[in-house]
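Note that the numbering runs from 1 along the sequence shown for the chain.
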Amino acid sequence: MELQNKQALMLELQAKSLKKLQDELSVFIRAKQEQQQKQQQPQGPTSAAVVDSRLQQVQQTQAKRKTLAASMEYGSKMNKLRSEIEDLKAEITVLSSSASSSSSSSFVYGLMELLLILQPNLVINAIASPSFELKPHFTNHPNSTLLFADISGYTALAQSLGAAGAEGTEALSSALDKFFGIAISSIYHFGGDVVKFCGDAILCVFSPDRTVSPAQAAMQAVRCSLELKKKLRFFKAGEVELDLKQMLAYGTIVGNFVGETVLGHFEFLTTGQPIKQ
C-alpha cells in the first residue's frame, strides 16, 4: 500500500513538472512568434530620416520663395522699363507732330544756327537779353580790350594772283581762308570775340564777364596777340609773304544797333575810345 502511494506521488510530480515545461515552452513560442511578426512588419522612419526629410522640405520652400522674389523683382523692372519706353514714345510722337505740323519752326531754328555762326557774341548776347528791343539803341561794354589785326602784303598778293585769272582768284581765296582760319581759331581759343572784318583786317574784343575779370580779359588779349604774331608773321601764300600788324587798346566799347524799323534792317557798329585809339 505504501509503495502504491509513493508511485502515485511520483506520477503527480512528473505531471506537474511536465505542465510547467509546457507552459514555459508556450510562453517562449509566443514570444518568438511576436518577435518574428515585428521583424516582418515594415519599419517606420528613424529620427535621422525624419530630420533629413524636414531639411529637404525647408530647402525646397526657400528655393520657391527666392524664385518668387526674383520673379516679382523682374516683373517690377520690366514694368518700369515699359513705362519709360512709353514716355519716350510719347515724346517722340510730340516731337514728330511738331516737326511735321510746323515747318516754320525748323526754319526758325535754321536761322538761329546761322545767327550763332555769322554774328558776334556781343550781338547774340544782346538779342538774348529780355530787355532787348528791335529799335536803334546802344550798349556799353566797359573795361574791354580791343585787338585789331591787319594783314600786311595783301595788295601785292591780290595783284600777283589776280593776274593769273580764275586760278589766281581761287588761290587767293584759299590763302585768305588759311590765314583767317588760323586767326579766328586763336582769337576764340583765348576767349575773344570777332566783331567785324574790315577788308583784310579783323576787329575783335575781349570783354570781362561773371567768370573773367577785366585784368584777365586784357591778359588773354595779349596772349592772343603773341600767338597770332607767332603763327601769322611771314605767312607764305604762294610766292608772296604776308605779314601781320596788330594794335591793342583798352576802355569802354560801345555797341550800336543802327538802322530803321520800317524795313527791319539793322547793323551792329562798334565805337568808343578804344576804336579812336
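- When hydrophobic residues (I, L, V, M, F, W, Y) are linked wherever their side-chain heavy atoms come within less than 4.5 Å, M219 remains an isolated member.
- Not one N or O on the side chain of N143 forms a donor-acceptor pair closer than 3.5 Å with the backbone of P214.
- Think of F138 as one node in a network of Ile, Leu, Val, Met, Phe, Trp and Tyr side chains linked at under 4.5 Å; its network also takes in V254.
- Applying the ring-ring contact (aromatic ring centres under 6.0 Å, His included) rule to F190 yields no partners; only residues at least two apart in sequence or on another chain are considered.
- Nearest heavy-atom pair, M247 versus P274, reported as atom, atom and distance to 0.1 Å: CE-O, 4.3 Å.
- With sequence neighbours left out, the ring-ring contact (aromatic ring centres under 6.0 Å, His included) criterion links H137 to F132, F257.
- Using modelled atom types, one side-chain atom of D193 and one backbone atom of L122 make a donor-acceptor pair closer than 3.5 Å.
- With sequence neighbours excluded, no residue satisfies ring-ring contact (aromatic ring centres under 6.0 Å, His included) with Y188.
- Side-chain atoms of N256 come within 3.5 Å of backbone N or O of L269 as a donor-acceptor pair.
- Under the 4.5 Å side-chain heavy-atom criterion for Ile, Leu, Val, Met, Phe, Trp and Tyr, Y250 and I202 are members of distinct hydrophobic clusters.
- Proximity of a side-chain donor or acceptor of S174 to a complementary backbone N or O of E170 within less than 3.5 Å is not detected.
- Partner of C204 under the side chain to side chain contact (heavy atoms under 4.5 Å, CB included) criterion, chosen from I184, V195, L147: L147.
- By the ring-ring contact (aromatic ring centres under 6.0 Å, His included) test, F235 is found to be paired with F179, residues two or more places apart in sequence or in another chain being considered.
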